[in-house]
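Note that the structure is a prediction, hence the values are computed from the model and not measured. Throughout, protein chains are lettered first and strands after them, A, B, ... in sequence-line order, and every chain is numbered starting at 1.
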2 protein chains.
Amino acid sequence: MAIQQKKTETELPLDTILAGDCVARMQELPENSVDLIFADPPYNLQLKGELHRPDNSKVDAVDDHWDQFNSFAAYDRFSREWLAAARRILKPDGAIWVIGSYHNIFRVGAALQDAGYWILNDVVWRKSNPMPNFRGKRLTNAHETMIWAAKSDSGKYTFNYEALKALNEGVQMRSDWVLPICSGGERLKDAAGNKAHPTQKPESLLHRVLVASTKPGDVVLDPFFGTGTTGAVAKRLGRHFIGIEREEEYRAVAEARIEAIRRYDRDALQVTQSKRAEPRVAFGTLVERGLLPVGAELRSLNGRHRAKVRADGTLIAHDTKGSIHQVGAVLEGAPSCNGWTYWTFRKGGDWVPIDVLRQQVRAEMSPA
Amino acid sequence: MAIQQKKTETELPLDTILAGDCVARMQELPENSVDLIFADPPYNLQLKGELHRPDNSKVDAVDDHWDQFNSFAAYDRFSREWLAAARRILKPDGAIWVIGSYHNIFRVGAALQDAGYWILNDVVWRKSNPMPNFRGKRLTNAHETMIWAAKSDSGKYTFNYEALKALNEGVQMRSDWVLPICSGGERLKDAAGNKAHPTQKPESLLHRVLVASTKPGDVVLDPFFGTGTTGAVAKRLGRHFIGIEREEEYRAVAEARIEAIRRYDRDALQVTQSKRAEPRVAFGTLVERGLLPVGAELRSLNGRHRAKVRADGTLIAHDTKGSIHQVGAVLEGAPSCNGWTYWTFRKGGDWVPIDVLRQQVRAEMSPA
DNA sequence: GTGAAAGTTGAATCAGGGA
DNA sequence: GTCCCTGATTCAACTTTCA
């Protein structure tokens, strides 16, 4: 015991995926050593039968063995155990994020409070493209809930207020986030073309979580690693990750996925620090959604200037940093500049104004 | 006791506000008598006094956590008591809505599941004009959470699917609702111009709740009535209400408020009905009435299959015999099939769905 | 090639009545 | 309680097919 308490952060298995039960693995790690925990525990869905769409095709339900619990009591026991193990390894100023649906989130939230965590916000992930309710018997289940909590009510948790403000058109980030579900090319498939994991989360969600509540170099642990979205985004953002996953199949997929990831440039990882009022730009949303990769090069419409995209939706050109409008104005020596029409990005062989991406995002968000 | 159990719904104190503790008042009401409960339970008073103690550096962490657990336990006891009393008076097919924030909603949700309620949806009220976070230490708390639950997993709860779809421009209603907070003329003020109640809910929220989950004439009970938003909207929508409120000041405000409310016209209270509500018509009836001759040929909507009508209202196609639904399912290799929309008959030069004949029969059945 | 049309899919506690 | 039958029900995004 005395030996274990002497372990330091340098002994952490950084940037690796541990095999086995998350409680056992966390108990082997040194206490007070991890900056952030992101957890996507099983939801304990209780499905009674098959569900068909109006066209008679069958809905591929989450009926995996790892989501089965015998009772609420059994699920609560499970929650209390992993939450306690997670809290022990968190630094005093560390924090945790847990995601869930109405099936489990109330139980997890209560267990979290009972364990001594201090809730900072509950954050709603509003899905822009959820699965509809096929039988017309309830409301479309169009969101999931995340709880963000500090280790204790005295923890000095990390919150990059200005960075999130920059991501949100220059106004404070709210507790409801509109993001699409994970699909298309981002969705990992096996050799047969089937989804590699039934509940893969979108990278845009983890991007916002990590930009909000970690600093470069921080250690982020995910006890239910799955196919490694947390690790992929952490690596890209220059954070260390530790994954724990029971299923070998998922570990293998995650390993290959993360291996292919490249970290963003050091410049791009610097987020806005200043308290100056940010102009109202939605540019950060393009970055979050992956419409423009962090580190991408933008070119001015007149072809005379170039700039690089940073993680919080600001630009850098030489030693000039700021919003798309600010950087454009400085480079042109002009009092002001509309960055949306000034900057272009490379699309196929052409340079296209970034405003087309904004229109794309608006089209996705407007039905809300 | 025996007398109390014999009470019928006619003995309910309809459209009145009861004074006193909600648990005691609910225990006096007959069981299985109320259609819907809407509850906005307190949380600030319950938690703040006990959790936010003056900053005392002498208190060590263990005591602190023990303290927290104690106050959470007290709140849980309170929740379990009123949820149990509420569940007793609910009709078997009744339902409940509870609204709260991250301070209390996880505890209430877990208690609700433990009490045997069956969660149908969690609904996010996304505030279009929330109060900003002044200190910039967290995300703007821009939503509250409602839980919608049936009395049990076998309860046949009311859900006016088509009405909510109509409210949402023709697409099914989602679990996130964007509505402004209560302000302006709707916000009740006292003589001095101060708000009469700190957490008055907007009528638009209750409007959607009641349109979604009640029918005209239903009984809606609110155990934390406050200034009576639930009663005001219920009266306007032609539902009965029962309010319970401890504070005389709030009761007086609510009384005056509801007195001034006028019910909408009966016509206006009618909402779009689901097809399920229409009377059932047997296919054989069409044959009996001569709307389709025995031996008539039917064709599938996609044109790929044909069948012949038999005297008993069944179909035959090759060697497949059975109902319009069964034969359609077999021919399509589908788990099920709606024969009414699958089969067409020859009318003049066109092939028309047999459903038009069913509508014809329905029109003859109901003189309305 | 290009665009229109058709097909696929996503953490789902998803029916009601009569015999 | 069970079994059986009727018949009501989908949105957005991406992928594939076909004209």
Task: Donor on one side chain, acceptor on other, B/Arg310 and B/Thr314, under 3.5 Å - done: yes
Open item on the list: Whether B/Arg306 and B/Glu297 form a salt bridge (side-chain N of Lys/Arg under 4.0 Å from carboxylate O of Asp/Glu) is what I want to check.
Closed with: yes
Open item on the list: Checking A/His197 now: which residues fulfil ring pair (Phe, Tyr, Trp, His ring centres under 6.0 Å) with it, not counting sequence neighbours?
Closed with: A/Trp66, A/Tyr250
- [ ] Measure from CD on B/Glu278 to C1' on D/dG7 and round the result to the nearest Å.
- [x] 12 Å
- [ ] List in numerical order all residues of residues 328-336 of chain B for which some heavy atom is under 4.0 Å away from an atom belonging to DNA chain D.
- [x] B/Ser336
TODO: Please name all residues satisfying salt bridge (Lys or Arg N to Asp or Glu O under 4.0 Å) with A/Glu144, sequence neighbours left out, ordered by chain then number.
DONE: A/Lys127
Task: Salt-bridge present (B/Lys215, B/Asp218; N to O < 4.0 Å) - done: no
Open item on the list: For the backbone of A/Asn133 and the side chain of B/Gln172, can you confirm whether one donor and one acceptor N or O come within less than 3.5 Å of each other?
Closed with: yes
Task: Residues from residues 184-191 of chain A lying under 4.0 Å of DNA chain D - heavy atoms - done: A/Gly184, A/Gly185
Open item on the list: Salt bridge or not between A/Lys195 and A/Asp60? Use side-chain N to carboxylate O under 4.0 Å.
Closed with: yes
Task: Presence of salt bridge, B/Arg126 and B/Asp176, under 4.0 angstrom - done: no
Open item on the list: Please give me every residue in residues 133-149 of chain A whose heavy atoms get under 4.0 Å of an atom in DNA chain D, ordered by residue number.
Closed with: A/Asn133, A/Phe134, A/Arg135
TODO: Indicate, with a heavy-atom threshold strictly under 4.0 Å, whether A/Cys182 touches base, sugar-phosphate, or nothing.
DONE: nothing
Task: Atom-pair distance (NE2 on A/His197; P on C/dT9), nearest Å - done: 19 Å
- [ ] Can you sort out which residues in residues 315-326 of chain B have a heavy atom within less than 4.0 Å of DNA chain D? Ascending by number, please.
- [x] B/Ser323, B/His325, B/Gln326
Open item on the list: Can you identify which nucleotide, out of D/dT9, D/dA13, D/dT6, has its nearest atom closest to the B/Tyr161 side chain?
Closed with: D/dT9
TODO: Nearest whole angstrom, please: distance from the P of C/dA12 to the CG of A/Asn104.
DONE: 13 Å
TODO: With P as the reference atom in both, quote the distance from C/dA15 to D/dG1 in angstrom, rounded to an integer.
DONE: 16 Å
TODO: Write down the distance between CZ (B/Arg280) and C1' (D/dA8), rounded to a whole number of angstrom.
DONE: 11 Å
Task: B/Asp355 and B/Arg358 ion-paired at < 4.0 Å - done: yes
- [ ] Give one of base, sugar-phosphate or nothing for A/Pro202, where a contact means two heavy atoms less than 4.0 Å apart.
- [x] nothing
Open item on the list: Side chains of A/His143 and B/Asp122: any donor to acceptor distance under 3.5 Å?
Closed with: yes
Task: Residues B/Lys165 and B/Asn160: side-chain donor-acceptor under 3.5 angstrom - done: no
Task: B/Tyr342 side-chain N/O to D/dT6 phosphate OP1/OP2 under 4.0 Å - done: no
Open item on the list: Between C/dG10 and D/dG7, how many Å separate the two C1' atoms, rounded to a whole number?
Closed with: 25 Å
Open item on the list: Between A/Lys48 and C/dA15, is there a contact of a side-chain N or O with OP1 or OP2 at under 4.0 Å?
Closed with: no
Open item on the list: So that I can tick it off, tell me whether B/Asp93 and B/Lys91 are bridged by a salt bridge, with the cut-off set at under 4.0 angstrom between side-chain N and carboxylate O.
Closed with: no
TODO: For A/Ser101, report the nucleic acid contact type (base, sugar-phosphate, nothing); a contact means any heavy atom under 4.0 Å.
DONE: nothing
Open item on the list: Expected output is a numbered-order residue list: members of residues 50-72 of chain A with a heavy atom under 4.0 Å from any atom of DNA chain D. What is it?
Closed with: A/Pro54
TODO: Pick the C1' atom in D/dT10 and in C/dT8, then give their distance to the nearest Å.
DONE: 13 Å
- [ ] With DNA chain D as reference, determine whether A/Asn129 or B/Ala282 sits nearer its 5' end, using the nearest nucleotide of each.
- [x] B/Ala282
Open item on the list: By the 4.0 Å heavy-atom rule, please label B/Ile119 as base, sugar-phosphate, or nothing.
Closed with: base
- [ ] Grab the NZ-P distance between A/Lys195 and C/dT9 for me, whole Å please.
- [x] 9 Å
- [ ] Tell me whether the OP1 or OP2 atom of D/dG7 has a side-chain N or O from B/Lys275 closer than 4.0 Å.
- [x] no
Open item on the list: Considering every strand and a 4.0 Å limit on heavy-atom distances, what is the contact class for B/Gly339: base, sugar-phosphate, or nothing?
Closed with: nothing
Task: Nearest-nucleotide 5' precedence on DNA chain D, A/Met131 against B/Arg276 - done: B/Arg276
Task: Length of the CG-P vector between B/Leu120 and C/dC14, whole Å - done: 10 Å
Open item on the list: Please determine whether any donor N or O and acceptor N or O are separated by less than 3.5 Å between the side chain of A/Lys127 and the base of C/dA11.
Closed with: no
Task: Distance-only side-chain donor-acceptor flag, B/Arg87 / B/Ser152, under 3.5 Å - done: no
Task: Distance below 4.0 Å between B/Arg358 side-chain N/O and D/dA8 OP1 or OP2 - done: yes
Open item on the list: Could you spell out the base pairing of DNA chain D as a dot-bracket line? Use Watson-Crick and G-U wobble contacts where both distances are under 3.5 Å, [ ] for crossing pairs, | for partners on a different strand.
Closed with: .|||||....|||||||||
Task: Partners passing side-chain contact (heavy atoms from CB on, under 4.5 Å) against B/Asn338 (at least two apart in sequence or in another chain) - done: B/His325, B/Trp340, B/Thr341
Open item on the list: What I want to check is whether the side chains of A/Asn44 and A/Gln68 have a donor and an acceptor closer together than 3.5 Å.
Closed with: no
Open item on the list: Using whole Å, what does the distance between atom C1' of nucleotide C/dA11 and atom CD1 of A/Ile105 come to?
Closed with: 13 Å
Open item on the list: Can a donor-acceptor pair be found, under 3.5 Å and without considering hydrogens, that links the side chain of A/Trp125 to the backbone of A/Val178?
Closed with: no
TODO: In whole angstrom, give me the gap between the P atoms of D/dA8 and C/dG18.
DONE: 15 Å
Task: Partner residues of B/Met146 under the side-chain contact (heavy atoms from CB on, under 4.5 Å) criterion, sequence neighbours left out - done: B/Phe38, B/Trp97, B/Ile99, B/Val123, B/Trp177, B/Leu205, B/Val209
Open item on the list: Rounded to whole Å, please give me the gap between CG in A/Asn194 and P in C/dT9.
Closed with: 9 Å
Open item on the list: For residues 62-78 of chain A, which residue pairs pass the salt bridge (charged side-chain N to carboxylate O under 4.0 Å, His left out) check, not counting sequence neighbours?
Closed with: A/Asp76-A/Arg107
Open item on the list: Any carboxylate oxygen within less than 4.0 angstrom of a Lys/Arg side-chain nitrogen, looking at A/Asp40 and A/Lys201?
Closed with: yes
Task: NZ/NE/NH1/NH2 to OD/OE distance under 4.0 Å, A/Asp55 and A/Arg53 - done: no
Task: B/Ile105: side-chain contact (heavy atoms from CB on, under 4.5 Å) partners, not counting sequence neighbours - done: A/Phe106, B/Thr145, B/Ile147
